[in-house]
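Worksheet: the structure to be examined is printed underneath.
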Amino acid sequence: MNLPNIIESILFVHGEPMKVSRLAKILNKKEAEVEEALAILRNNLAERGLKLAQNGGEAALITVSEASGFIQGLLKEEFSGKLTRAALETLAIVVYSGPLPRPEIDFIRGVNSSFTLRNLLVSGLVEREISPKDRRTFIYKPSMDFLRFLGLSKLDDLPEYGEFRKNLEDFSRAETNNRENKENVE
Amino acid sequence: MNLPNIIESILFVHGEPMKVSRLAKILNKKEAEVEEALAILRNNLAERGLKLAQNGGEAALITVSEASGFIQGLLKEEFSGKLTRAALETLAIVVYSGPLPRPEIDFIRGVNSSFTLRNLLVSGLVEREISPKDRRTFIYKPSMDFLRFLGLSKLDDLPEYGEFRKNLEDFSRAETNNRENKENVE
Amino acid sequence: MENYQIKIQQFEGPLDLLLDLIEERKLSVNEISLAEVSGQYLDYLKKLPRMPRAQAASFLVAAAALILIKSKSLLPSLELTAEEKESIEDLKKRLELYKKMRRLSSHISSLYGKNIAYKREAFTGVKIGFIEPKGLKTIALCAALKNLIKTFPAKEIIPEKIIEKVIKLEDKIDELRRRMEKTIKTSFREFAGIEDKIGLVVSFLAMLELVKQGIVAVVQKEHFGDIEISRS
């Protein structure tokens, strides 16, 4: 087992700084072993496009400074305030049908929405919270900032709110049933 | 300027697959230069804890399969459904002979696949785009998520892929001609 | 031949049913194996309680080709028309391709979910606060939803052409039975009337069903000749 590589993968996915003690627990290794592996990883990354940052018993992967100008450019372009068609559609579903989990949004749209939803989250238009029904999943709803921006004090004020909401609910219920039936058959 | 490293950083931040054309635009480089840098990056990552995945003109960083057991527990919302026989068959057709429009999938399976295809789109294993031949129709192709769920970094790594693609070219041309003639007759 | 039991399983279409029947016997796709499984295929078709009509049509089109193959195997001297030959070739070719795809799908199922490679959530750790969506009004959200609702898949609509083609097998069987009660002898041509291909297939299946049930006996005196049907 290549510990430095596995740590690289874990830090990559995790995104935020991670405690060495947590890494040790996940990997079922001693902290000293993890520290050792981190030193190797730091070395492995010496010539690479990512760096290992360590601070106060925490480790994280970060980008190289040479890339920061381009990353700023990417972010500026991505979060310009202009919404793509996919973003508008997803936002509309979250506003009219939320809070709801991602699989339901995907169902309604007929395509996977993870990237679009992610962008809406980062732009602060949408918020997510842990689902009270299933703690392993998130549910998505419009942010307060966004509702304020639209000038809505409550969702009922949205045009055709009741009708659309019912429409979407009926559809996702029918879809779910349909899918379950079909899967039982196969 | 170290292009492969900068691309690594950009892909790290972007997370989701990125079009080569978009990378070229952000970096103010020619697509060929980006492709070249991607080849170097793929090579740089050979022994690392991350891999470069490439599919249909897009690139993304993904984790090495050695780490998957450790990462599984860290995440919410990862898709992990079992595939039905219909889904598997449809997926095989889309992957091995795609991109292709739905009527061709229906023809090979001998049944209407619209329901199965919709589920594959929703789960993100298949993507659709407007057909370059006929702007009123969609063509379906395997997504980067499909590769990830199989732990692959490119379609070529699928068993029998290269071989099948080679045979396919002649075969499908003959089939299409044949079928078009027949449809005109009916 | 009757040792093979068809599992009561829902087949989506003719190709997966046929391939299952062939592979259960470890045969390859050719006319001999197709002739061998044709009886079971027709049995299965007759046992199906209710089938969506579009599906029924595709099952019957394959049945027509199977009946041709079976007839040819029983009567080697039987001459097939170019169109008939083509429908047999077509079925074989499609089965071959379908078989290949099914085999390839096993590569996918054996890798799927075993060693997932993970991605990074987009823009993880990027914090930029609220980005005002310039010029966005609620009416635009409304319009987006309206457009989306338009794309919802409608309940499957079967093209009229297919409905036209499909005649219920039971109706035909009943019709033949009633006719046999009235007259002692009739002929297939008289029974089937002037019908399209599917109609003929259904009539033929209906006749076979009655033969199987021991209600009628059939005699064909010459190739291409009419089939005499009599009460047995």
Side-chain angles (χ1 to χ4, degrees), chain A residues 1-2 4-15 18 23 26-28 41 44-45 47-51 61-71 73-75 77-78 101-103 106-115 118-119 130 135-138 175 178-179 182-183 185-186, chain B residues 1-18 22-23 25-28 41 44-45 47-51 61-71 73-79 81-82 84-87 115-116 118-119 121-128 143 145:
Chain A
M1 148 166 167
N2 187 328
N5 278 2
I6 294 172
I7 292 175
E8 186 179 355
S9 268
I10 292 175
L11 294 178
F12 169 80
V13 170
H14 187 64
M18 198 176 221
L23 274 171
I26 291 168
L27 295 160
N28 198 22
L41 178 58
N44 285 348
L45 295 175
E47 305 287 319
R48 284 261 312 275
L50 298 173
K51 281 190 302 191
L61 287 179
I62 56 171
T63 57
V64 291
S65 51
E66 202 186 352
S68 38
F70 297 106
I71 290 168
L74 169 70
L75 294 179
E77 203 183 281
E78 197 80 39
R102 182 168 65 78
D106 295 342
F107 250 159
I108 294 170
R109 292 191 60 217
V111 287
N112 193 274
S113 306
S114 47
F115 184 58
R118 190 65 209 158
N119 278 21
I130 288 170
R135 298 197 52 79
R136 289 164 308 166
T137 60
F138 288 115
E175 268 293 286
N178 192 2
R179 197 159 98 125
K182 189 96 184 199
E183 271 166 7
V185 163
E186 273 163 24
Chain B
M1 150 168 170
N2 186 328
L3 209 50
N5 279 1
I6 293 171
I7 291 175
E8 187 178 354
S9 267
I10 292 176
L11 292 178
F12 175 81
V13 172
H14 194 259
E16 296 280 332
M18 223 170 155
R22 176 116 193 264
L23 276 170
K25 210 180 133 210
I26 287 170
L27 295 161
N28 198 21
L41 178 57
N44 287 348
L45 294 172
E47 305 285 318
R48 290 289 104 79
L50 299 175
K51 284 189 293 193
L61 289 177
I62 58 174
T63 63
V64 290
S65 45
E66 209 186 345
S68 41
F70 298 104
I71 294 170
L74 295 176
L75 296 175
K76 292 182 206 283
E77 297 199 17
E78 266 297 325
F79 168 75
K82 248 190 78 182
T84 61
R85 188 158 106 171
F115 178 82
T116 310
R118 190 174 202 274
N119 279 345
L121 283 173
V122 166
S123 66
L125 294 171
V126 164
E127 284 171 347
R128 68 176 183 199
S143 69
D145 278 349

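Numbers restart at 1 for each chain; the letters A, B, ... are given by sequence-line order, proteins then strands.
- When heavy atoms are compared at a cutoff of 4.5 Å, B/K25 approaches chain A solely by way of its side chain, counted from C-beta outward.
- Using a 4.5 Å cut-off between heavy atoms, A/L11 does not touch chain B at all.
- Taking the side chain as every heavy atom from C-beta outward, A/L74 and B/R22 approach each other to under 4.5 Å.
- In terms of heavy-atom pairs under 4.5 angstrom with chain B, the leader among A/M1, A/R118, A/K51 is A/M1.
- For A/L61, the parts lying near chain B are the backbone and the side chain together; criterion is any non-hydrogen pair under 4.5 Å.
- The shortest distance between side-chain heavy atoms of A/R48 and B/L50 falls below 4.5 Å.
- Contacts between A/R109 and chain B at a heavy-atom distance below 4.5 Å involve the backbone alone (N, CA, C, O).
- For B/V13, the part sitting under 4.5 Å from any heavy atom of chain A is the side chain, from C-beta outward, and nothing else.
- Proximity to chain A (any heavy atom under 4.5 Å) is shown, for B/E127, by neither the backbone nor the side chain.
- Of the two parts of B/I71, only the side chain, counted from C-beta on, holds a non-hydrogen atom closer than 4.5 Å to a non-hydrogen atom of chain A.
- Under the 3.5 Å distance criterion, the side-chain polar atoms of A/N112 are left unmatched by any main-chain donor or acceptor of B/L125.
- Interface remark: A/N2 contributes backbone and side-chain atoms alike to the contact with chain B (heavy atom separation under 4.5 Å).
- Going from atom CG of A/D106 over to atom CG of B/N119 covers 11.5 Å, rounded to the nearest 0.5 Å.
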